[in-house]
Amino acid sequence: MFTNIRRIFNRFSNKSRKINNEPLNRVSLIVIILIDIFILINVFTGLDDISRWHLSPTQAYPCYSEWQSYSKQTTKDKNYEIVRLSLQFDSNNTPSRAEIYQQAEAGHLGKVSSTCLQYAEYQDKINNSKNQQTIKTIDQKQVQISNFQQSNNQIRAQYDSTLLEKIAGQPRGQSINQVSAAKAKQELDQNNLKISQRKQEISLLKNELINQPESVSFLGFLQKENELIKVEQGYKQASFWYPSIQLAFQSLFLLPLIFVALLVHQFSQRKRYGLISLMSWHLLVIFFIPLILKTFEFLQFGIISQVIFEFISAVLGRLLFLISYVYILLIPLIGFGIIKFFQKIILNPKLQAVSRVQKSRCVKCAKKIQQNDAYCPHCGYYQYVECQNCHNLTYKHLPHCKHCGSVQDSSN
C-alpha cells in the first residue's frame with residue numbers, strides 16, 4: 001500500500017510540475033500557484049453560497065430556540081421575560097417579526113414553519129406603542145433603583161470611615177466626611193423606601209403588561225404543548241437532513257466542474273496541448289480538494305454520524321467513546337478508496353498506455369516516436385517488456401502480448 005501511495009505521489013508531483021515531461025520554470029510555477037489559490041478561494045466562496053441555498057433549521061424554525069427556552073424556565077418572571085422579548089424591535093422603523101421570518105424564504109429553498117409565523121404574529125401584536133412605553137417606564141424605574149443603591153453604597157462607605165475616625169479620636173472638625181451617623185441613617189432609610197416603592201411600581205407595570213389582551217393570547221399560545229412538539233420534531237428532522245442537503249448542493253456545484261476539467265485534461269493529453277493539460281490537471285485537483293473535505297465533514301456531522309451515534313447509544317449505552325474508534329477505521333478506508341480511484345481512473349498508466357501505443361507515442365511521456373523505437377528519444381524510457389509465455393518483447397502496461405496474446409503480469 002505504501003509503495004502505491006509513493007508511486008501515486010511521484011506521478012502526481014510530476015503531472016503538477018511538468019509540461020510534456022519537461023519541468024516548469026520558477027516564474028511559471030509561481031503564476032500557476034497564484035491562479036490555483038485564486039480559484040480555490042472562489043470555489044470555497046461558491047460552496048458557501050450554494051450551501052446556504054436551502055433554509056437552515058434555525059431559519060426554517062426561528063421560534064424553536066426561544067420557545068423551548070421558555071418552556072424549560074422555572075423563574076416567576078418567565079412570562080414577563082418572553083413578552084419583553086417581543087418588544088425588542090422599534091415597530092416604526094423595522095419590519096415585523098413575521099416579515100423578517102418570511103424574508104428568509106427570499107432566494108432560498110424551503111419554507112418557514114407556519115407555526116413559527118403564527119408565533120411571530122402574536123409577538124407583533126404585543127409590539128405596540130403602549131407596551132413599548134410600559135417597557136421604557138420599567139427601564140427608567142430600574143435605573144432609578146440602581147442610582148439609589150449606588151448612593152446607599154457611598155453613604156455606607158462614608159459612615160464606616162466616620163466610625164473609624166471616632167475610634168481613632170479624631171475631632172469632628174477634621175473629618176474628611178460630611179455625613180454624620182444620624183444623617184446617613186436618614187438618607188439610607190429614605191433611599192430604601194424609594195427603592196421599595198420603585199420595585200412595587202415595576203411589579204405593577206409587569207403585571208399590567210402580561211395582562212394585556214395580546215399578551216394573554218400569546219402566553220396562551222405558548223402553553224399549547226402539541227404546537228411546541230410539532231415545532232421541535234420539525235426542527236430535529238431538519239437538523240438531521242440539513243448536512244445531507246448541503247453536501248448534495250455542494251456536489252451539484254463541484255461535479256460539473258470536475259467533469260469539465262477531466263474532459264479538457266483528457267482531450268489536451270490526446271492532442272498534446274501541454275500547458276492546457278497542466279492547467280486542467282491543476283483545476284481537477286483544486287475541484288477535488290473541497291469535495292473530499294466536504295465529504296469528510298459530512299461523515300463526521302451528517303446522517304452517517306448520527307446513525308452511528310444512535311446505534312452505539314442503543315447497543316452500548318454510555319460507551320460513546322467507541323464512535324472515535326469507528327471514525328479511526330472509517331476515514332482511512334475512505335482515503336484508501338480515494339487513492340484507488342485515482343490509481344484506477346485518473347492516474348492509471350495502463351489506460352494511458354493503450355491510447356499512446358495506438359498513436360505511436362511513448363508510453364511514459366506521450367511524445368511521438370517511431371514504431372520500432374525501443375527507447376524513447378525524448379525521455380529515454382524503455383517501451384517493451386519480455387512476455388512470460390513466448391519470451392518475445394511486447395509493449396509495457398498492455399494487458400496481452402502482441403505476439404501470443406497471453407495475459408501479461410499486471411505489475412509490468
Side-chain angles (χ1 to χ4, degrees), residues 54-106 108-146 195-242:
H54 195 281
L55 290 178
S56 68
T58 303
Q59 291 174 313
Y61 297 90
C63 65
Y64 171 69
S65 177
E66 194 174 280
W67 197 347
Q68 185 193 45
S69 177
Y70 168 79
S71 67
K72 291 183 178 181
Q73 284 182 358
T74 57
T75 58
K76 64 178 182 179
D77 279 344
K78 74 175 201 173
N79 287 339
Y80 165 74
E81 295 296 337
I82 193 69
V83 170
R84 183 186 175 92
L85 287 175
S86 305
L87 294 160
Q88 289 182 339
F89 304 99
D90 185 355
S91 58
N92 296 324
N93 299 323
T94 59
S96 65
R97 281 188 180 243
E99 290 174 342
I100 292 174
Y101 288 174
Q102 288 176 323
Q103 285 174 0
E105 295 180 358
H108 293 84
L109 297 178
K111 293 289 185 180
V112 176
S113 165
S114 59
T115 305
C116 284
L117 290 176
Q118 189 177 0
Y119 179 99
E121 289 172 359
Y122 279 112
Q123 288 185 312
D124 291 334
K125 290 178 182 178
I126 295 174
N127 193 26
N128 55 51
S129 57
K130 179 182 177 182
N131 291 336
Q132 287 178 356
Q133 184 58 46
T134 301
I135 288 295
K136 290 179 181 178
T137 305
I138 290 174
D139 290 340
Q140 290 171 358
K141 293 185 180 298
Q142 193 63 54
V143 170
Q144 292 174 2
I145 290 174
S146 298
I195 290 172
S196 178
Q197 290 174 346
R198 298 299 186 278
K199 288 183 176 180
Q200 290 178 358
E201 292 169 359
I202 288 174
S203 179
L204 291 173
L205 289 171
K206 287 181 177 180
N207 288 330
E208 178 185 342
L209 181 61
I210 63 177
N211 286 317
Q212 293 293 324
E214 57 271 17
S215 300
V216 172
S217 299
F218 178 51
L219 294 172
F221 177 75
L222 294 178
Q223 303 304 320
K224 296 180 179 180
E225 292 187 5
N226 59 326
E227 296 291 342
L228 176 58
I229 291 173
K230 183 168 69 173
V231 170
E232 184 175 15
Q233 290 175 344
Y235 179 84
K236 290 182 176 179
Q237 185 177 14
S239 299
F240 180 81
W241 288 106
Y242 188 60

Next item on the list: Determine yes or no for a side-chain-to-main-chain donor-acceptor pair under 3.5 angstrom, with Ser69 supplying the side chain and Ser65 the backbone.
Entry: no

Note to self: Apply side chain to side chain contact (heavy atoms under 4.5 Å, CB included) to residues Val112 and Gln102 and explain how you reach the verdict.
What the structure shows: CA-CA 7 Å; Val112 176; Gln102 288 176 323; 5.9 Å; no

Solution key, residues 220-227 side-chain donor-acceptor pairs under 3.5 Å, sequence neighbours excluded:
residue: Gln223; atom: NE2; partner: Tyr70; partner atom: OH; Å: 2.9

Check: Got a second to check how far Ser86's OG is from Tyr119's OH, nearest 0.5 Å?
Finding: 6.5 Å

Margin query: Could you report the tightest heavy-atom contact between Asn211 and Asn207, atom names first, then the distance?
Written below: ND2-O, 2.7 Å

Next item on the list: Find the distance between CG (Asp139) and CG (Leu205) and round it off to the nearest 0.5 Å.
Entry: 10.5 Å

Check: Is Asp77 salt-bridged to Arg84, cutoff N-O under 4.0 Å?
Finding: no

Notebook entry, point to check: With a 4.5 Å limit on heavy-atom distance, are the side chains of Leu87 and Leu209 in contact?
Noted result: yes

Notebook entry, point to check: So which heavy atom on Ala106 is nearest to which on His108, and how close?
Noted result: O-ND1, 2.9 Å

Checklist line | Side-chain donor/acceptor of Asn127 to backbone N/O of Gln123, under 3.5 Å | finding: no

Next item on the list: Kindly determine whether Tyr242 and Leu55 satisfy side chain to side chain contact (heavy atoms under 4.5 Å, CB included), including the steps that lead there.
Entry: CA-CA 9 Å; Tyr242 188 60; Leu55 290 178; over 6 Å; no

Note to self: Under the criterion side chain to side chain contact (heavy atoms under 4.5 Å, CB included), I'd like the reasoning laid out for Asn131 against Val83: C-alpha separation, chi angles, the key distance, then a yes or no.
What the structure shows: CA-CA 10 Å; Asn131 291 336; Val83 170; over 6 Å; no

Next item on the list: Could you check Glu121 against Lys125 for salt bridge (Lys or Arg N to Asp or Glu O under 4.0 Å), going step by step and ending with a plain yes or no?
Entry: CA-CA 6 Å; Glu121 289 172 359; Lys125 290 178 182 178; over 6 Å; no

Check: Are there more than 12 heavy atoms of other residues, nucleotides or ligands under 6.0 Å from atom CD of Gln237?
Finding: no

Note to self: For Gln68, give me all partners under side-chain hydrogen bond (donor to acceptor under 3.5 Å, both in side chains), at least two apart in sequence or on another chain.
What the structure shows: Tyr64

Note to self: Please report the interatomic distance CD1(Ile138) to NZ(Lys136), rounded to the nearest 0.5 Å.
What the structure shows: 13.0 Å

Checklist line | Option from Lys206, Lys141, Gln144 for which side-chain hydrogen bond (donor to acceptor under 3.5 Å, both in side chains) with Glu201 holds | finding: Lys141

Next item on the list: Without swapping roles, check the side chain of Ser217 against the backbone of Pro213 for a donor-acceptor pair under 3.5 Å.
Entry: yes

Next item on the list: Examine the side chains of Asn128 and Glu214 and answer whether a donor and an acceptor come within less than 3.5 Å of each other.
Entry: yes

Next item on the list: To the nearest 0.5 angstrom, please state how far the OH atom of Tyr101 sits from the CG atom of Leu117.
Entry: 9.0 Å

Note to self: Before you tell me yes or no, could you show the steps for Lys199 and Ser203 under side chain to side chain contact (heavy atoms under 4.5 Å, CB included), namely the whole-Å CA-CA distance, both residues' side-chain angles and the distance that decides it to 0.1 Å?
What the structure shows: CA-CA 6 Å; Lys199 288 183 176 180; Ser203 179; over 6 Å; no

Note to self: For a quick test of reading the model, state the closest non-hydrogen atom pair linking Ala60 to Lys111 and the distance between them.
What the structure shows: CB-O, 3.8 Å

Item checked: Pairwise distance CD(Gln212) to CG(Leu219) - rounded to 0.5 angstrom -> 11.5 Å

Check: Nearest 0.5 Å, what's the CZ-CD1 distance between Phe218 and Ile210?
Finding: 12.5 Å

